[in-house]
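For reference, the structure is listed below as structure tokens.
Just so it is clear, the model here is predicted, and its values are computed rather than measured.
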Amino acid sequence: MADILVVDDDAFVRSGLRSYLESLHYQVREAGDIQSAWELVLNAPPQTAIIDIRLPLHAHTPNSTPPREPHGIAFAQKLKQSYPTMGIILLSAHEEYEREVIQLAQQYMRSIAFLHKGGDMSRLEIALQEVQAGRTVFQSEIVNRYVLETAVRSHLSANEIFWIDQAMAEFGTLSPREEEIAYLLAAAYTPETIAEQANLTKGSVDNIISRVYFKLGLADMKQRDKGLRPLPILTKTCLLLDIRAQ
């Protein structure tokens, strides 16, 4: 059973999310501030964290109004630094945080979703499935796909863009299993962890990874372009494909 951490300072929102997630058979823990959430993570890292962007750093005393700043984004960065494969779903009722989310995607490119708070709950279920599969999801009403792709490409070198565009063009040649493994690999899963999750032997996973790199034209990249490695190119390829698919 997947373990999910819900972080929101509104107890009513946390209760609603817990009820919905438990109806989907998820195991749920919850916190109302960054400090409490981090303590829960240190005790047992969740598979996925659902985080309100505007959060207080510490628990507030009764009858006081806590400051609600966009600490959720910094908390998401901290989680991805410490636990790269952890899925992150950021919730916000404000479009003003688009730039911060774009920056987060550029730094920690996989297993991140950004959804409008209070929207259709079925989107949350889909986002959970996607981030747990190593994908990245942006709600199109909040984040402009063109702006996001342009921002990501502006941080790439000409050599990277060459290999990424080639890999994107060939991605459709992957089998469903190869695509699944490619996304998990791009999301920082090790071959050993992928084997366990996909119910395969490590040798089978290694063979699939080799086929993925070959089909995407990345197998001989290190010989042709010594400054680049296949995995970062695959990661950025998957991010741009996810952006286009929103």
Using side-chain heavy atoms (C-beta onward) and a distance below 4.5 Å, is [X] in contact with [Y]?
X    : Y    : result
L21  : E125 : no
H116 : S92  : no
W38  : K78  : yes
L239 : T235 : no
P56  : I34  : no
I53  : P70  : yes
L5   : T48  : no
K80  : I88  : yes

Does any N or O in the side chain of [X] come within less than 3.5 Å of the main-chain N or O of [Y], such that one atom is a donor and the other an acceptor?
X    : Y    : result
E196 : T193 : no
S111 : V131 : yes
D220 : Q223 : no
Q166 : W163 : no
S154 : A151 : yes
Y20  : M121 : yes
R14  : V6   : no
R29  : A44  : yes

On a heavy-atom basis, which atom in [X] and which in [Y] lie closest, and how many Å separate them?
X    : Y    : value
H58  : Q35  : ND1-OE1, 3.0 Å
A49  : L79  : CB-CD1, 4.0 Å
G134 : L184 : N-CD2, 4.5 Å
G72  : L55  : CA-CD1, 4.1 Å
E180 : A198 : OE2-CB, 4.2 Å
P191 : D206 : CB-OD1, 3.7 Å

Linking I/L/V/M/F/W/Y whenever their side-chain heavy atoms sit closer than 4.5 Å, directly or via other members, would [X] and [Y] fall into one cluster?
X    : Y    : result
M168 : F214 : no
L24  : I50  : yes
L218 : Y189 : yes
L240 : Y146 : no
F12  : L91  : no

To the nearest 0.5 angstrom, please state how far the [atom1] atom of [X] sits from the [atom2] atom of [Y].
X    : Y    : atom1 : atom2 : result
R54  : K117 : CZ    : NZ    : 9.0 Å
I112 : Q77  : CD1   : CD    : 9.0 Å
S204 : I181 : OG    : CD1   : 9.5 Å
Q197 : Q132 : CD    : CD    : 8.5 Å
L216 : E178 : CG    : CD    : 9.0 Å
I164 : C238 : CD1   : SG    : 10.5 Å

E130 and side chain to side chain contact (heavy atoms under 4.5 Å, CB included): which partner among I89, T136, V137?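 Result: among I89, T136, V137, V137 is the only option passing the side chain to side chain contact (heavy atoms under 4.5 Å, CB included) with E130.
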Kindly write out the residues that satisfy salt bridge (charged side-chain N to carboxylate O under 4.0 Å, His left out) with E179, not counting sequence neighbours, or none if the list is empty.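 Salt bridge (charged side-chain N to carboxylate O under 4.0 Å, His left out) check on E179 returns R135.
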Could you go through L90 and L115, starting from their C-alpha distance and side-chain angles, then the distance that decides it, and tell me whether this counts as side-chain contact (heavy atoms from CB on, under 4.5 Å)? CA-CA 6 Å; L90 289 163; L115 302 180; over 6 Å; no
Checking V7 against D52 for the side-chain contact (heavy atoms from CB on, under 4.5 Å) test, could you report, in this order, the C-alpha distance in whole Å, the side-chain angles of both residues, the deciding distance, and whether it holds? CA-CA 6 Å; V7 190; D52 184 16; over 6 Å; no
Count the heavy atoms of every other residue, nucleotide or ligand shown that sit under 6.0 Å from CZ of R153, and state whether that count exceeds 12.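 It does: R153 CZ has more than 12 such atoms within range.
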Do Y183 and D242 pair up side chain to side chain, a donor and an acceptor below 3.5 Å, judged on atom types alone?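 Y183 vs D242: donor-acceptor pair found between side chains.
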Pairing donors with acceptors under 3.5 angstrom, does anything connect the side chains of D33 and S36?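 D33 vs S36: donor-acceptor pair found between side chains.
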side-chain contact (heavy atoms from CB on, under 4.5 Å), that's the test. Do E160 and S157 meet it? Break it down for me. CA-CA 5 Å; E160 286 180 306; S157 68; 3.3 Å; yes
Would T201 and V205 satisfy side-chain contact (heavy atoms from CB on, under 4.5 Å), going step by step from the backbone distance to the final call? CA-CA 6 Å; T201 66; V205 171; over 6 Å; no
